[in-house]
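Here the structure comes first, spelled out in structure tokens, and everything after it is commentary.
Chain letters run A, B, ... following the sequence lines, proteins first and then strands; every chain starts at 1.
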Amino acid sequence: MNKKFTEAIYELLRTVPQGKVVTYGDLAKAAGSPGAARAVGLAMKNNPDAPHTPCHRVVAADGSLHGYSGAGGVNRKREMLIAEGVEFYGDRVDLVTARWNLLS
DNA sequence: AAAATGACGGTGT
DNA sequence: TACACCGCCATTT
């Protein structure tokens, strides 16, 4: 425990409503360490609190999907987001409309 | 305690 | 736009 970083990531991630997404960088910044985007992704892979944490709503800074520990990989992740109402632009998420503000 | 890892981000080609 | 390289940070081994 103690790992406040990962813990903060989960907390913030839980605030993201369905149909919205956040980037690793924004998540890291909101957690208190801008630039730790990699650490954010690691937290998802190493300890995905599963259904408790919507890790599938986390996308790259350019809106593209990077990875997913769940079944189906990024492929499943993409379809999951579409099912939630996230507007996709090819294989990229429309961050212009689907990006969630972590500050709210 | 030190080194290696990884679901990133930005820039260059 | 796609691919490659470097730099960044926290976690894991």
Kindly compute the distance separating CG (Leu81(A)) from CZ (Arg76(A)), expressed to the nearest 0.5 Å. 11.5 Å

What is the distance from CG of Asp62(A) to P of dA2(C), rounded to the nearest Å? 10 Å

Interatomic distance where CE belongs to Met44(A) and P belongs to dC9(C) [whole Å]: 19 Å

Between atom CD1 in Ile9(A) and atom C1' in dG6(B), what is the gap in whole Å? 15 Å

Passes side-chain contact (heavy atoms from CB on, under 4.5 Å), Glu84(A) versus Lys20(A)? Steps please. CA-CA 8 Å; Glu84(A) 289 193 355; Lys20(A) 290 285 177 182; over 6 Å; no

Between dC9(C) atom P and Leu27(A) atom CG, what is the distance in whole Å? 17 Å

N/O donor-acceptor pair under 3.5 Å between Thr23(A) side chain and Asp26(A) backbone: yes

Can you tell which of dA7(B), dG7(C), dT5(B) lies closest to the side chain of Arg38(A)? dG7(C)

Please report, rounded to the nearest Å, how far the P atom of dG6(B) is from the CG atom of Asn47(A). 17 Å

Glu7(A)/Lys4(A) ion pair, N-O < 4.0 Å: no

Of the nucleotides dC8(B), dA7(B), dT1(C), which has the atom closest to the Ala37(A) side chain? dC8(B)

Of the candidate nucleotides dA7(B), dG9(B), dG6(B), which contains the atom at the shortest distance from the side chain of Cys55(A)? dA7(B)

Below 4.0 Å: OP1/OP2 of dC8(B) and any side-chain N or O of Thr23(A): no

Picking from dG6(B), dT12(C), dA2(C), the nucleotide nearest the side-chain atoms of Asn46(A) would be dT12(C)

Quick one: on DNA chain B, does Ala39(A) or Gly25(A) contact a more 5' nucleotide (nearest heavy atom)? Ala39(A)

Arg76(A) CZ to dA7(B) C1': how many Å, rounded? 17 Å

Which nucleotide in dC9(C), dT1(C), dC8(B) has an atom nearest any side-chain atom of Tyr24(A): dC8(B)

How many whole angstroms separate atom CG of Leu81(A) from atom P of dA7(B)? 18 Å

Side chains of Leu27(A) and Leu13(A), heavy atoms from C-beta outward: is any pair under 4.5 Å? yes

Interatomic distance where NZ belongs to Lys29(A) and P belongs to dG10(B) [whole Å]: 12 Å

Of the listed dC8(B), dA10(C), dG9(B), the closest approach to the Leu42(A) side chain comes from dA10(C)

Residue whose nearest DNA chain C nucleotide is more 5′ - Gly35(A) or Arg92(A): Arg92(A)

